[in-house]
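Shown next, in structure tokens, is the structure this report addresses.
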2 protein chains.
Amino acid sequence: MNLRELAQNLGLSQTTVSRALNGYPEVNEATRARVVQAAEQHNYRPNTRAKGLATGRAMAIGHVIPMSKQHEMVNPVFGDFIAGAGETYSRNGYDMVLSLVEDGQEEKTYRDLRGKGAVDGLIVHGPKSDDPRIAMLDDLGVPFVVHGRASAVTLPYAWLDVNNRNAFQRATDFLLDLGHRRIALMNGLEELDFASRRRAGYHDALQARGVPLRPEFMHSEEMTERYGYDTARLLLARDDAPTAFLVSSMITVIGVRRAIEERGLKMGRDVSVITHDDELSYFKNGQDAPIFTATCSSVREAGRQAAQILLERIAHPHLPPPNRLLEAQLVVGGSTGPAPISAKD
Amino acid sequence: MNLRELAQNLGLSQTTVSRALNGYPEVNEATRARVVQAAEQHNYRPNTRAKGLATGRAMAIGHVIPMSKQHEMVNPVFGDFIAGAGETYSRNGYDMVLSLVEDGQEEKTYRDLRGKGAVDGLIVHGPKSDDPRIAMLDDLGVPFVVHGRASAVTLPYAWLDVNNRNAFQRATDFLLDLGHRRIALMNGLEELDFASRRRAGYHDALQARGVPLRPEFMHSEEMTERYGYDTARLLLARDDAPTAFLVSSMITVIGVRRAIEERGLKMGRDVSVITHDDELSYFKNGQDAPIFTATCSSVREAGRQAAQILLERIAHPHLPPPNRLLEAQLVVGGSTGPAPISAKD
DNA sequence: AATCATTTCCAAAGCGCTTTGGGTGGCGGT
DNA sequence: ACCGCCACCCAAAGCGCTTTGGAAATGATT
């Protein structure tokens with residue numbers, strides 16, 4: 001069923017039917033009701049492609065998900081981010097088109113998506129500190145919002161980020177307050193901006209207390225369970241093993257816990273652990289009594305808000321690009337405690 | 001840059017340019033080369049919507065991801081499934097459009113997607129045993145492939161599934177062979193077809209050996225970490241605690257392990273555990289020495305193949321709908337061992 | 001009763017592409 | 001010199017919608 005047929009059925013012109021359905025004022029309310037009812041009854045849906053052609057808008061948003069070539073891994077936070085964004089889109093009649101692309105090939109995909117006219121706007125995932133995509137998209141003139149930031153990029157652009165630096169600074173401070181001095185950082189890949197900001201927070205906190213940075217305690221890899229296990233195991237085998245771990249992901253921390261327990265140690269007593277918690281739906285950290293002390297920030301909520309910002313940006317492209325910095329909460333759980341006496345200094 | 005402008009630039013007609021770019025034979029190879037080069041140079045991409053309107057094909061596949069209302073949870077396997085499917089799509093010039101929808105509302109979304117002409121085909125996720133979507137899509141006449149099966153649906157339809165029943169039967173047999181008799185099943189939601197098939201496999205194995213089914217050992221919930229922990233904890237506190245657990249997901253099994261270790265027991269010695277492993281990218285079960293004994297089947301590969309089947313189905317809608325049953329491998333890891341003597345019988 | 005503003009509707013153009021149904025020019029054959 | 005046949009190219013229609021620029025009908029005003 002298309003517009004023409006529907007109009008014929010009703011004995012009206014396409015114009016009138018179109019206007020009736022799109023809420024234009026120049027059509028009699030009685031006629032509109034009749035049209036709406038007929039449309040309902042015939043299960044009529046305007047053809048997106050035709051509508052898009054006519055209006056010049058695709059009513060779709062593009063997400064380009066980077067996929068690590070190395071581990072063929074797609075970051076699990078995307079699922080929840082997209083779930084959040086999807087809520088916003090569907091409330092506003094937008095579709096979401098997804099491309100999974102190998103790390104570093106993203107530019108071409110953005111270009112294609114825009115060039116084909118398949119999307120009205122884009123979300124940029126996983127920005128690097130000096131991410132070339134931002135200048136490119138700015139240049140292309142396509143509305144976009146970055147999930148995260150690119151510290152080295154100076155031109156203004158729309159972003160939404162968690163205050164990662166502050167979160168990790170506070171977490172480190174918290175551990176220092178508990179008497180820990182040998183604190184291992186198990187970060188994500190530090191070419192990614194969020195990870196380098198977390199490291200900066202960790203640095204700041206240690207330096208503010210005059211605790212020397214120890215490269216052998218600072219790790220940076222893709223956030224798999226395996227990475228957590230392997231690295232923590234090696235670190236715990238040292239004579240001067242860390243008494244605390246600051247971990248970048250709920251996935252990795254699972255591996256860290258495994259290494260701790262394998263060694264017969266007890267988390268929260270022998271070794272303290274803080275993790276960042278994106279509040280993934282299947283990994284709830286226990287509402288009542290969290291297992292892990294964590295810096296918490298809902299990535300789903302981030303998705304919702306980023307999508308919202310993008311839609312506003314599409315509606316008002318002339319406004320200056322908005323930024324939103326979400327603060328993570330430091331929630332105390334059972335995985336932290338005072339540093340063991342023997343280890344103090 | 002659109003076709004008309006490009007054609008004008010070249011001093012050719014739109015027809016010729018279009019044909020040159022789409023590989024039709026009736027254009028001089030020299031001309032074609034000239035056209036292709038100009039297109040490249042001007043960064044020309046045909047407008048999807050216009051092309052779609054003209055050809056009647058959307059060059060896009062729809063994925064409707066169900067999202068549990070209860071836990072606001074999106075199953076983590078979707079990430080990897082979609083990564084696999086995405087590979088196939090992009091190799092074939094298809095886009096992927098994603099909708100996240102609350103459980104049970106999926107029908108409307110499929111209808112919309114198809115009605116709007118936004119997609120050429122659909123993948124059905126998370127089928128229930130008597131899933132109404134299959135009849136509906138069949139009725140709509142839209143090509144689709146089900147990831148999984150719907151046991152109660154009799155009409156032929158295209159599906160790709162893992163042999164869940166066989167996998168869990170073999171896993172249960174394996175535990176029985178090791179002397180276990182009190183084997184707990186921690187299944188996913190059994191309204192989902194794959195879960196009910198797994199239960200059937202478990203049943204079959206127990207009954208074949210004359211081991212009575214014990215309802216208190218059979219659980220069915222959404223596969224969160226928390227579910228694994230809570231349930232295993234309760235079970236382990238019993239006088240007649242299970243000596244083995246058969247778990248439906250890598251996420252849930254993390255919780256099971258937590259409960260086991262919290263109780264001071266050792267996995268693989270005091271308690272045996274087998275899990276199903278979808279080979280999620282960030283949860284590799286250790287290639288060399290798997291932590292968990294597991295029924296393994298790559299959900300990413302399933303995505304690749306399901307997408308392939310769908311594309312073939314779109315190309316040849318008249319062929320009978322193909323089915324593909326993947327066998328899971330039972331890979332032995334460190335989480336299983338003989339039943340403790342005290343517990344035998 | 002004539003005029004004018006409103007309301008309600010319509011015909012047709014146009015969005016950017018594909019595709020149908022020719023046209024034109026050069027060539028070999030006679 | 002003529003015919004017919006390719007090889008190569010083009011004009012125009014059409015995909016399903018929105019939107020412009022009226023037209024017809026209605027009601028209010030003088």
Side-chain angles (χ1 to χ4, degrees), chain A residues 1-39 42-60 93-95 112-120, chain B residues 1-39 42-60 93-95 112-120:
Chain A
M1 171 67 53
N2 60 24
L3 229 210
R4 188 161 45 101
E5 291 164 11
L6 186 62
Q8 264 163 4
N9 265 342
L10 284 160
L12 290 170
S13 75
Q14 291 192 37
T15 313
T16 305
V17 175
S18 169
R19 285 183 161 154
L21 292 174
N22 291 313
Y24 283 75
E26 53 270 80
V27 41
N28 191 319
E29 279 309 323
T31 315
R32 187 194 307 278
R34 208 158 59 89
V35 171
V36 166
Q37 206 233 316
H42 290 92
N43 238 299
Y44 168 76
R45 305 260 189 299
N47 182 299
T48 334
R49 299 189 297 271
K51 189 165 186 159
L53 235 204
T55 58
R57 312 199 303 133
M59 294 308 279
Y94 278 80
D95 285 337
D112 282 2
L113 239 35
R114 179 52 170 187
K116 292 192 300 184
V119 301
D120 296 323
Chain B
M1 173 67 53
N2 61 22
L3 229 210
R4 187 162 46 101
E5 292 163 11
L6 186 62
Q8 263 162 5
N9 265 342
L10 284 160
L12 291 170
S13 76
Q14 292 191 38
T15 312
T16 305
V17 175
S18 169
R19 284 183 162 154
L21 292 174
N22 290 314
Y24 283 74
E26 54 268 84
V27 41
N28 192 319
E29 278 309 322
T31 316
R32 188 196 305 280
R34 208 158 60 89
V35 171
V36 166
Q37 207 233 316
H42 289 93
N43 238 298
Y44 168 76
R45 306 258 188 303
N47 182 298
T48 333
R49 300 190 297 273
K51 189 165 186 160
L53 236 205
T55 58
R57 311 199 302 135
M59 293 308 280
Y94 277 79
D95 285 336
D112 282 4
L113 239 35
R114 180 51 172 187
K116 292 192 301 184
V119 301
D120 296 324

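Note that this is a predicted model, so its numbers are computed, not measured.
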May I ask you to verify whether the side chain of Thr15(B) and the base of dT19(C) hold a donor-acceptor pair under 3.5 Å?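 Present.
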How many whole angstroms separate atom CZ of Arg19(B) from atom P of dT19(C)? 9 Å
For atom CD of Glu26(A) and atom P of dA11(C), their distance in whole Å: 16 Å
Reckon Ser13(B) has a side-chain N or O less than 4.0 Å from the OP1 or OP2 of dC10(D)?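 So the side-chain polar atoms of Ser13(B) do come within 4.0 Å of the phosphate oxygens OP1 or OP2 of dC10(D), strictly under.
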For dC9(C), take OP1 and OP2 only and decide whether either is under 4.0 Å from a side-chain N or O of Tyr24(A).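 No, because none of the side-chain N or O atoms of Tyr24(A) sits under 4.0 Å from OP1 or OP2 of dC9(C).
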Short question: side chain of [X], backbone of [Y] - any donor-acceptor pair under 3.5 Å?
{"X": "Arg49(A)", "Y": "Gly117(B)", "result": "yes"}
{"X": "Asn22(B)", "Y": "Tyr24(B)", "result": "no"}
{"X": "Arg19(B)", "Y": "Pro25(B)", "result": "no"}

Using a 6.0 Å cut-off, check whether atom CZ of Arg45(B) has over 12 heavy atoms from anything other than its own residue. yes
Atom CD of Gln37(B) with >12 non-hydrogen neighbours under 6.0 angstrom: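 Open: at most 12 neighbouring heavy atoms sit under 6.0 Å from CD of Gln37(B).
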Please walk me through it: do Val35(A) and Leu10(A) pass side chain to side chain contact (heavy atoms under 4.5 Å, CB included)? CA-CA 7 Å; Val35(A) 171; Leu10(A) 284 160; 4.0 Å; yes
Check whether any side-chain heavy atom of Leu3(B) lies under 4.5 Å from a side-chain heavy atom of Val17(B), and answer yes or no. yes
Close side-chain approach of Asn43(B) and Met1(B), heavy atoms under 4.5 Å: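 In short, these two side chains do not touch, never coming nearer than 4.5 Å.
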Please list, in numerical order, the residues of residues 28-35 of chain A that have a heavy atom closer than 4.0 Å to any atom of DNA chain C. Asn28(A), Thr31(A)
Nucleotide N/O of nucleotides 13-17 of chain D paired with protein N/O under 3.5 Å:
unit_1: dC15(D); atom_1: O2; unit_2: Ala54(B); atom_2: N; d: 3.4
unit_1: dG16(D); atom_1: N2; unit_2: Ala50(A); atom_2: O; d: 3.3
unit_1: dC17(D); atom_1: OP1; unit_2: Tyr44(A); atom_2: OH; d: 2.8
unit_1: dC17(D); atom_1: OP1; unit_2: Asn47(A); atom_2: N; d: 3.2
unit_1: dC17(D); atom_1: OP2; unit_2: Leu3(A); atom_2: N; d: 2.3

